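Note that the structure is a prediction, hence the values are computed from the model and not measured. For ligands, and for the atoms within them, numbers begin at 1 and follow the listed sequence.
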Amino acid sequence: MAYGRNIKEILYGGDYNPEQWPQEVWEEDICLMKKAHINIVTLNTFSWAALQPSENNYCFEMLDKIMELVSKNGLKVCMATSTGAHPAWMAKSHPDILRTDFNGIKRKFGGRHNSCPNNPTYRMYAAKLACMLAKRYKDYNNIVAWHISNEFGGECYCENCEQAFRQWLKKRFKTIDELNRVFHTSFWGHTFYDWNEVVLPNLQSEHFLTDNGERTMFQGITLEYRRFMSESMSECFQLEYQEIKKEMPDIPITTNLMGFYKPLDYQKWAKEMDFISWDSYPEPTDTPAETALRHDLMRGIKNQESFVLMEQTPSVTNWQPYNRLKRPGEMRLLSYQAVAHGADAIQFFQIRRSIGACEKFHGAVIDHAGRDDTRVFREVEQLGRELNQLGDVFLEGHTPSETALFFDWDNWWALEYSAGPSIRMKYLDAIRDYYTAAFESNVPVDIIGIDDEFDSYKVILAPLLYMTKPSMDEKLRKFVKNGGIFVTTYFSGIVDDHDLVIQGGYPGKLRDILGIWVEENDALPEGEENSFIYKRNLYPAKILCDLLHLEGAEALSVYKQDFYQKMPVITKNQFGQGYAYYVGTRSNSEFYHEFMKDIFSEANVLETMVTPKGVEATIRIKGDREILFLMNHNKESKRITLNNDYGDLLSGKKYQVGNSIEIEGRGVFVLLKQIEKCL
Ligand code: GLA
Ligand code: ZN
């Protein structure tokens, strides 16, 4: 479920900021929106200063007018609460509302995401504003969702947060002895005797800067700070959420997430949100797999339900070093890719381009020329027409994945705060290695977390599983025992959920499942490689080479060089009815393709379709309807042979199994599989 009120169409629109414009322009905007088939606007995203001009004075007249106008014109509304940036007067009269940064410097008024999440004044005023908005607009039946704040993020190291951190630790660990244990404070004599001795971990305390970025000397406290800050912001979300729910219990509530945004544990956030919405801004160099991975992550954090694409640019951003235009057809292609991976609404930032401040060169549906004959407007209009034509054919449809890729924020934080063995070891690189191999073979993947069920999948990939949380090994043991295939990699099973090493040999609790013992890890500097042969081909071993011994597993490949030549690097272990694989190093994409092909064939996981390189085939299923999205990410056209009878939902044409169709560069087909009728 995404937007409320039983929507039977793909909502299409975006962030609309009429408060930046004189009223004459509003009518013009409405005409242009209608022309582009826009049917939803996100309103009121950054209007706190207008809504509350001083401490005791609220003013809703302008928003009233805007609501009347958009409602009268049949637009649906996703109503934001405006709490992503506080008013200047509030910072002046309540300076403790301002954040303190990582260096320990207290900020002055400016920017956005600028309120301390643990500040009682901010929390009180934010919740009050949400409450007043909900009370005032609850009778509008075109409000299909509430949107709290905007892109929650950042961090704070102020005194308020320090106090709150101590309270949070106390609640979590109960005794100071337990706190000392999990932080391992016997190291360097950091023992705490009183909760008030605990300070926030930043550049003034446990952190320091190196040429390779910031580091921490105590991973335990830093990891807890990350958990605490993510939860502090989630509490702010929840405070506004509760106020709105009291007034409009049936309308779903969201906030816009940002894909792999490291500071916030979205798997925890998702539990508090009614539906997921997120903002997709791929960089020009991102591969189609990287964009698809982010959609799959966002779909997966709320039990594989569909999501709303809350923002994308129709053409260009302003904040990248080089803000390349989306090429003709590219916005359409990326929109269909979002839809194919679970989006039930497509929205833009923004409807009309601002004239001042840092986003005046950010793309918009209506640009500074204010015309409807721009390339961008025409592309927006065409997509609007098509989405309108598609109706609800795949709305709330699901992705039929038999493969799951495990992802976990705590693991990400802990792994990358680790001092050693290698600064080149990045969690997302390992995730991308495996995801890309599946994606490029058109094998659908769900991204799952620790609280998801494992048993409905045939294959579970958990690369770089450095941290094994309490229930993880048991869930995996059961999964493999019952016939599942589990794949993990180098530097896995090392620590528990406090980043304390699991003793007795790596990979800790996963040893019996994998049937190996990892004795050492060799971190190779840039330019140095080892190698191995897998199925007669030579592949590189990079970044980290685990030196391991077999304890029941068989070796599929061994290292070719160095003193650990002939030691196993890839192993396979039968465990119950299933198999557990260990890939003890990082290799290249050719290897991942080859290896994953074997894994999928052993698990009997089939690809959606065989397509030419760069042509993606993704399915959404709704009831007994199967919709195939064919998307050509190449600039040039490609030919595809269809493996079924299909009806083209955009052109109305019918195709038969074996027909070959031409898909133009950046082109898209949306095809409905024709089910054989029983005679
Ligand atoms: C984010 C924000 C928007 C806008 C866009 C610009 O996604 O939510 O307010 O700043 O970025 O790309
Ligand atoms: Zn703070």
Side-chain angles (χ1 to χ4, degrees), residues 14-17 19-20 41-48 78 80-86 91 94-107 111-123 126 147-168 199-202 225 228-233 235-236 254-259 261 263-264 277-283 294 298 308-321 323-324 326 331 347-354 356-365:
D15 275 30
Y16 180 45
N17 304 309
E19 62 280 352
Q20 292 180 20
V41 284
T42 297
L43 291 181
N44 199 39
T45 319
F46 287 106
S47 302
W48 200 345
C78 171
T81 61
S82 278
T83 53
H86 55 235
H94 304 280
D96 61 332
I97 210 171
L98 293 160
R99 287 188 183 179
T100 295
D101 71 14
F102 184 58
N103 299 289
I105 297 171
K106 184 88 185 157
R107 303 277 309 173
R112 58 178 174 175
H113 316 300
N114 47 7
S115 317
C116 162
N118 286 297
N119 180 274
T121 311
Y122 162 71
R123 287 187 170 198
H147 174 305
I148 292 176
S149 187
N150 189 71
E151 292 190 339
F152 276 96
E155 56 194 15
C156 184
Y157 296 90
C158 76
E159 305 256 303
N160 257 315
C161 288
E162 198 155 77
Q163 291 292 351
F165 185 50
R166 292 174 187 146
Q167 294 304 320
W168 188 82
V199 296
L200 292 175
N202 68 354
Y225 172 76
F228 159 75
M229 200 31 69
S230 175
E231 200 175 303
S232 299
M233 291 193 190
E235 278 168 17
C236 296
T254 192
T255 183
N256 46 348
L257 306 183
M258 294 174 278
Y261 181 66
L264 301 183
S277 66
W278 90 280
D279 302 343
S280 179
Y281 290 96
E283 309 226 345
R294 291 190 281 262
M298 293 288 94
V308 164
L309 183 69
M310 188 61 84
E311 293 180 23
Q312 66 169 343
T313 176
S315 58
V316 74
T317 59
N318 66 289
W319 43 263
Q320 296 181 13
N323 296 287
R324 195 171 189 271
K326 283 185 177 167
M331 181 279 287
Q347 296 182 213
F348 298 106
F349 181 84
Q350 51 194 332
I351 301 291
R352 187 182 272 273
R353 205 174 216 191
S354 317
C358 67
E359 286 177 348
K360 62 181 173 299
F361 298 123
H362 194 287
V365 173

**Q** Can you tell which of R112, Q320, Q312, E359 gets a heavy atom nearest to atom 9 (O) of ligand 1?
**A** R112
**Q** Enumerate the atoms of ligand 1 whose separation from the nearest heavy atom of F46 is less than 4.0 angstrom.
**A** 9 (O)
**Q** Can you establish whether the number of heavy atoms outside R166 located under 6.0 Å from its atom CZ is more than 12?
**A** yes
**Q** Return yes if some donor-acceptor pair links the side-chain N/O of H113 with the main-chain N/O of S115 below 3.5 Å, else return no.
**A** no
**Q** Which one holds for T313 and ligand 1: side chain close, backbone close, both close, or neither close, with close meaning a heavy atom under 4.0 Å?
**A** neither
**Q** Once rounded to 10 degrees, what value does the angle at the Zn ion (ligand 2) take between SG (C161) and SG (C158)?
**A** 120°
**Q** So does N103 get a backbone contact from the side chain of D101, meaning a donor-acceptor N/O pair under 3.5 Å?
**A** yes
**Q** Could you walk me through whether C158 and K106 pass the side-chain contact (heavy atoms from CB on, under 4.5 Å) test, one step at a time?
**A** CA-CA 8 Å; C158 76; K106 184 88 185 157; 4.3 Å; yes
**Q** Does any N or O atom in H362 lie less than 3.5 angstrom from one in ligand 1, N or O only?
**A** yes
**Q** Using atom types as modelled and distance alone, determine if a side-chain donor or acceptor of S354 lies under 3.5 Å from a backbone N or O of G356.
**A** no
**Q** Does any N or O atom in W319 lie less than 3.5 angstrom from one in ligand 1, N or O only?
**A** yes
**Q** May I ask you to list the atoms of ligand 1 that are less than 4.0 angstrom from any heavy atom of N256?
**A** 8 (O)
**Q** Given Q350, E311, M310, H113, which one has a non-hydrogen atom that is nearest to atom 11 (O) of ligand 1?
**A** E311
**Q** Between S277 (side chain) and T255 (backbone), is there a donor-acceptor pair under 3.5 Å?
**A** yes
**Q** Before giving the answer on side-chain contact (heavy atoms from CB on, under 4.5 Å), spell out for F361 and N323 the whole-Å C-alpha distance, their side-chain angles and the decisive distance to 0.1 Å.
**A** CA-CA 9 Å; F361 298 123; N323 296 287; over 6 Å; no
**Q** For ligand 1, which atoms, with element, lie under 4.0 Å from some heavy atom of N150?
**A** 2 (C), 8 (O), 9 (O)
**Q** If you measure from each heavy atom of D279 to ligand 1, is any distance below 4.0 Å?
**A** yes
**Q** Within a distance under 4.0 Å of any heavy atom of E151, pick out the atoms of ligand 1 and give their elements.
**A** 1 (C), 2 (C), 7 (O), 8 (O)
**Q** Is there a side-chain contact (heavy atoms from CB on, under 4.5 Å) between Y225 and L200? Walk through the geometry before answering.
**A** CA-CA 7 Å; Y225 172 76; L200 292 175; 3.8 Å; yes
